[in-house]
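The next block holds one structure in the form of C-alpha cells; read it before the comments.
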Amino acid sequence: MNEIVNKSKWFWAWQDDKEEEWLGKMSRQGLHLQHPGVFGQYTFEQGAPNEFAYRLDFVTISKKNADYYQLFQDAGWEHVGEVGGWQYWRKEVVDGKVPEIFTDNASKIQKYQRLIGFMVIFFPIYVVLLTNYNNRVSMQSSGFISTLYEITFFLFFVIVMVLVFAMLKIMQRISTLKRK
Amino acid sequence: MVEKDIDKYLPLSEATYYILLTLVEPLHGYGVMQKVESISDGTVNVGPGTLYGAFTTLEKEKLITMVREEERRKSYLLTPKGREVLKEQISRLEIMTRNGQSVLAQL
C-alpha cells in the first residue's frame with residue numbers, strides 16, 4: 001500500500017486550468033490524484049514521480065452515457081473521479097507531448113457553455129429563497145428568530161453573488177476563447 | 001430550399017470536416033480519431049472531448065446517425081443530408097485550391 005496524502009486547496013469554477021496545472025505539478029512530485037474531493041479536499045497516492053496531464057471536463061451525465069467514458073478510455077485517458085459534474089481525466093505525458101481532451105476552441109467554449117447552463121438552473125431557486133426569506137424576516141418580531149433569518153438571508157445573498165460572479169468570469173473566458 | 005439549408009452548416013471547421021470524411025463508412029469514436037490522424041498526415045488531432053461534443057452536435061443537426069452500439073461504443077454514419085453538406089464543402093474547397101494554385105506561381 002502506498003502512502004495516502006491529503007491536501008486542501010480551493011479552486012473556483014473558473015480556475016479549472018489552474019487546477020489542471022496544479023494536479024500536473026503534484027504528479028511530477030510523485031503525488032497522484034486518487035479522489036478529487038468536495039470543498040477542495042484532494043486525496044493523493046504517493047508514488048514514483050511521473051508526468052501526467054490532468055484535464056477537467058464538465059458534463060452532467062448518467063450511467064447511460066457509458067459511451068462518453070469509453071471514448072476517453074479508448075483514447076488512453078484514465079477517469080480519476082467526478083465532483084459535481086466535473087470529470088477528472090489524466091493521461092501520461094510522453095516525450096514532452098502534452099495530450100489534450102479538447103483540440104479546438106469551439107469545443108472548449110461548449111464546455112463553459114454547459115457549465116453556465118448548469119449554474120443557471122440554480123439561479124431561480126436562490127432568487128425564490130431570497131425573496132421568501134426577505135418577506136419572512138419583515139414579518140418576524142422575536143429578536144433571536146429574526147437574527148437567525150437575517151443570517152440565513154445573508155448567506156443566500158452571498159451564494160447568489162458568488163454565482164453571479166462565477167457566471168461573469170466564465171462568460172469572460174468564453175469571449176476570450178471566441179476572440180482567439 | 002435545400003440549398004439554403006446546406007449553406008448554414010458551411011464552412012465546416014477543420015475538425016468537423018475530417019470527422020465527416022471518416023464517417024463515409026460506419027466507425028466508432030476511437031476509430032474516427034485514429035483515421036483522422038492518419039489521413040491528415042498527423043496535422044489534425046481530435047481529442048475525445050472535442051469528438052464527443054462533435055458527435056452530439058452533428059447527430060442533433062442530423063448530419064450523422066448512430067448505426068450501432070456495442071460494448072459501450074457507438075458507431076456513426078453520414079446521413080443523406082450529411083453527404084450533401086460534405087459534397088458542397090468539398091466543391092468549395094476545390095474552388096479555393098484552384099484559386100490558390102493560380103496565385104501560387106506569383107508568390
Side-chain angles (χ1 to χ4, degrees), chain A residues 16-17 20 53-80 82 85-118 174 177-178 180, chain B residues 8-23 25-61 63-77 85 89:
Chain A
D16 54 331
D17 52 340
E20 291 172 349
Y54 282 86
R55 291 294 176 265
L56 273 62
D57 190 5
F58 186 83
V59 235
T60 46
I61 42 178
S62 59
K63 286 275 177 281
K64 69 172 194 251
N65 297 84
D67 60 318
Y68 169 81
Y69 297 102
Q70 190 63 53
L71 178 56
F72 277 67
Q73 279 157 11
D74 283 348
W77 290 84
E78 183 192 346
H79 192 248
V80 195
E82 179 189 350
W86 288 100
Q87 311 292 333
Y88 288 70
W89 293 100
R90 80 168 157 223
K91 190 177 177 178
E92 212 177 323
V93 178
V94 182
D95 301 327
K97 228 185 109 199
V98 181
E100 295 294 342
I101 59 170
F102 295 113
T103 42
D104 62 14
N105 276 343
S107 52
K108 281 178 206 156
I109 290 169
Q110 280 174 354
K111 164 179 145 182
Y112 291 120
Q113 283 169 340
R114 283 194 295 274
L115 182 58
I116 289 203
F118 181 73
I174 292 175
L177 282 168
K178 277 184 178 165
K180 268 188 202 164
Chain B
K8 78 174 181 207
Y9 301 106
L10 301 172
L12 300 169
S13 73
E14 199 175 21
T16 309
Y17 176 66
Y18 273 106
I19 292 166
L20 290 181
L21 276 185
T22 64
L23 293 178
E25 56 182 21
L27 216 54
H28 61 66
Y30 188 51
V32 170
M33 290 172 70
Q34 286 176 307
K35 202 168 165 195
V36 167
E37 199 174 352
S38 79
I39 64 173
S40 71
D41 296 328
T43 59
V44 183
N45 185 356
V46 184
T50 299
L51 186 58
Y52 193 79
F55 277 163
T56 311
T57 312
L58 292 169
E59 199 178 19
K60 214 184 286 166
E61 292 173 339
L63 299 187
I64 62 169
T65 182
M66 208 248 287
V67 286
R68 229 193 350 258
E69 182 169 10
E70 40 189 18
E71 286 171 26
R72 318 200 301 170
R73 289 180 186 90
K74 286 179 178 172
S75 292
Y76 294 90
L77 182 67
V85 170
Q89 177 68 81

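Lettering of chains follows the sequences in order, A, B, ..., and the numbering in each one begins at 1. Predicted model only: the values in this text are computed from it and were never measured.
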* Drop me the distance from A:Tyr68's OH to B:Thr56's OG1, to the nearest 0.5 angstrom. =>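 With rounding to 0.5 Å, OH (A:Tyr68) is 10.5 Å from OG1 (B:Thr56).
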* Rounded distance [0.5 Å steps], OG in B:Ser75 versus CG in A:Asp67 ->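 Separation between the atoms: 11.0 Å.
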* **Heavy-atom closest pair, residues B:Ala15 and A:Asp104** =>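 Taking every non-hydrogen atom into account, CB-OD2, 3.8 Å.
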* List the atom of A:Thr103, the atom of B:Gly47, and the distance in Å for their closest heavy-atom pair. =>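 Minimum heavy-atom separation between A:Thr103 and B:Gly47: OG1-N, 2.9 Å.
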* **All side-chain contact (heavy atoms from CB on, under 4.5 Å) counterparts of A:Glu78, not counting sequence neighbours** =>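 A:Glu78 satisfies side-chain contact (heavy atoms from CB on, under 4.5 Å) with A:Arg90 once adjacent residues are dropped.
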* **salt bridge (charged side-chain N to carboxylate O under 4.0 Å, His left out) involving B:Arg72 - partner list, sequence neighbours excluded** =>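 So B:Arg72 forms no salt bridge (charged side-chain N to carboxylate O under 4.0 Å, His left out) with any residue.
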* Asked: Using a heavy-atom distance cut-off of less than 4.5 Å, which residues of residues 25-43 of chain B contact chain A?
  ->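 Residues in range: B:Gly29, B:Tyr30, B:Met33.
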* Asked: So, do A:Asn65 and B:Tyr52 sit near enough that their side-chain heavy atoms are less than 4.5 Å apart?
  ->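 In short, these two side chains touch, coming nearer than 4.5 Å.
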* Any side-chain heavy atom of A:Ile101 sitting closer than 4.5 Å to one from B:Thr50? ->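 Not in contact.
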* **Contact class of A:Trp77 relative to chain B, heavy atoms under 4.5 angstrom** =>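 Side chain of A:Trp77 only, per the 4.5 Å heavy-atom cut-off to chain B.
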* Asked: Does any heavy atom of chain B fall under 4.5 Å from the side chain of A:Gln110, the backbone, both, or neither of them?
  ->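 For A:Gln110, side-chain heavy atoms alone lie under 4.5 Å from chain B.
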* Basic-acidic side-chain contact under 4.0 Å: B:Arg73, A:Asp74 ->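 Answer for the salt bridge query: yes.
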* salt bridge (Lys or Arg N to Asp or Glu O under 4.0 Å) pairs, two or more places apart, involving residues 106-118 of chain A ->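 Checked against salt bridge (Lys or Arg N to Asp or Glu O under 4.0 Å) - neighbours excluded - the pairs reaching residues 106-118 of chain A are A:Asp16-A:Lys111, A:Asp57-A:Arg114.
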